[in-house]
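Report on one structure; see the data block that follows.
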Number of protein chains: 2
Amino acid sequence: MPDIPMPQASSVTFLAERRLLHETVIDQLRDLIVQGELAPETKLNERVLAERLGTSRTPLREAIKFLASEGLVELLPNRGAVVAALKPEKMQEVFVVLGALEALAGDLACRNATEADIADIRALHYHMLAHHARGELAQYFRYNQQIHQRIIDCAGNATLAQAWRAMNAHVKRARYLANLSRERWDKAVKEHEDMIDALLKRDGARLQVLLRDHLSNKLVMVMEALQARKTEAAR
Amino acid sequence: MPDIPMPQASSVTFLAERRLLHETVIDQLRDLIVQGELAPETKLNERVLAERLGTSRTPLREAIKFLASEGLVELLPNRGAVVAALKPEKMQEVFVVLGALEALAGDLACRNATEADIADIRALHYHMLAHHARGELAQYFRYNQQIHQRIIDCAGNATLAQAWRAMNAHVKRARYLANLSRERWDKAVKEHEDMIDALLKRDGARLQVLLRDHLSNKLVMVMEALQARKTEAAR
DNA sequence: CAATTACTTTTTGTATGCAAAAATGCCGGA
DNA sequence: TCCGGCATTTTTGCATACAAAAAGTAATTG
């Protein structure tokens, strides 16, 4: 199975290649937050966390500042930092912005993507369909993300890509608690079919609309999941 | 003259109010970069800069990491950081993204702004006109920025506002080297007239288009200025 | 018993120290 | 003169030390 690598690089521009400690810490910490291992509103104890990541407080604090700018952690003066909350209102905001960014990317991608790009995305799409058919959610998500990422990349606008990644990180966080009904899942797949079709025809206007709708459906799912988590927490 | 304050806060969410050293350093450093006092591609010597800002290297380094995430500085592993370059290609990218964000904000603002909001923006507009009439460029820019900021704020989406601010910082940097011809200036003012009109009528669709066009004209000006600076540097 | 307060512990924020990497300068040789 | 290599200096990256603030705790008082 061809595994097209995600350019899951940190969003900064590093002119050289050697990895520095605080860079790896940024990525590790981001992963911990995105994957929910560090739950929303968890207090980040610097001493403990530094030990856990096998470093000292200095690089950790630098990483925290970096992620604060991405909005994944919040800084409380003289009281350290906490993992950003996962509030429904925030999610709504994020999805609105993400909708604008993806719509833009879709339009640009229809203009700028090479035939090879489109073929790649199409291939990813079929892999995704396969995992959907087998009910393999994790793998499905994986290819789903790759497709969206590739569309963004095809827009050929690195600044757009970076802004998208930052927003998307927030959405990814919510994904880990969304339990998809088969019905909704099927619908999402159907939407992807249409998107691929629009991309093949390079119909930017239509792809824009489809991406926006797709995201707004995704938002509904996330909101339900958040609601469920909330009532669960109240029990 | 009423001076409606810009909420020019750092983009992080601080739950308390006390200012910490590294926060002020973030803002100071950002200002130095945006206002061009630290020219693009300037190497940031930590020792020198820390002394200049009256602090030690630790808070400065934290601030640098924060601004790296905003894209205002670039990190070179083992070689410190430099002020981000002001490349034409980057500017084009930024303006495309900014166009999408402002268009979105304009649409939302037409729905969500209160009558008082619109009245405020209109007032700012007339102040701007006054400074334009007197040829006071700096003051004109000031009100211009405030108008755009207020439109974003009226969208009622803090996430959007933050993304916009980050992008706008890049544009602001370019502004300091754009010398506006009277002709272009008049045109920009005319565009603002139309924008205010659309906002008054709450015509979101039209405001979107106007904002996009306004920005694309602004991009042309910035590109010319960058070109001029380049040929100047070649002399 | 609740609440306040004094005291202790923990944690954060900042400065400094130290090692490793990069930049600089110097010298000799082609 | 120009280039390359070696030694020196500077600068960065990380760890640690120290001070200040917050959190926790226990004792005292109304």
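Hydrogens, waters and symmetry mates are skipped; everything else that's a heavy atom, side chains included, is used. Each chain gets a letter, A, B and so on, in the order the sequences are listed, and its residues count up from 1.
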Open item on the list: When you measure from the side-chain N and O atoms of A/H22 to the phosphate of D/dG13, is any distance below 4.0 Å, counting only OP1 and OP2?
Closed with: no

Open item on the list: Just to verify, what does A/V83 make a side chain to side chain contact (heavy atoms under 4.5 Å, CB included) with, not counting sequence neighbours?
Closed with: A/I33, A/L38, A/T42, A/L44, A/R173

When the side chains of residues 48-55 of chain A are checked against the rest of the protein, which donor-acceptor pairs come out under 3.5 Å, sequence neighbours left out?
none

TODO: For the pair B/R150 and B/D153, find out whether any cationic side-chain nitrogen is under 4.0 Å from an anionic carboxylate oxygen.
DONE: no

- [ ] Report yes if the side chains of B/V34 and B/R175 come closer than 4.5 Å at any heavy-atom pair, otherwise no.
- [x] no

Task: Candidate nucleotides D/dA15, C/dT14, D/dA23, ranked by approach to the side chain of A/R79 - the nearest - done: D/dA23

TODO: May I have the distance from A/L76 (atom CG) to D/dA22 (atom C1'), rounded to whole angstrom?
DONE: 12 Å

Task: Nearest-Å distance for atom pair CD/C1', residues B/E62 and C/dT14 - done: 9 Å

Open item on the list: Please list, in numerical order, the residues of residues 39-56 of chain B that have a heavy atom closer than 4.0 Å to any atom of DNA chain C.
Closed with: B/T55, B/S56

Open item on the list: To the nearest 0.5 Å, what is the distance between CG on A/N157 and CD on B/E93?
Closed with: 4.0 Å

Task: Nearest-Å distance for atom pair CG/C1', residues A/L20 and D/dC14 - done: 9 Å

Open item on the list: Distance check needed: C/dA21 P versus B/N78 CG, whole Å only.
Closed with: 7 Å

- [ ] Find the distance B/R61:CZ to C/dT16:P and express it as a whole number of Å.
- [x] 16 Å

Check: protein-nucleotides 18-20 of chain C nitrogen or oxygen pairs below 3.5 Å:
none

- [ ] Please identify each residue that fulfils salt bridge (Lys or Arg N to Asp or Glu O under 4.0 Å) with A/E62, with sequence neighbours left out.
- [x] B/R61, B/K65

Task: Non-neighbouring partners of A/Q227 that pass side chain to side chain contact (heavy atoms under 4.5 Å, CB included), sequence neighbours left out - done: A/T231

Task: Among B/E89, B/K90, B/H170, the one residue meeting side chain to side chain donor-acceptor pair (under 3.5 Å) with A/T159 - done: B/K90

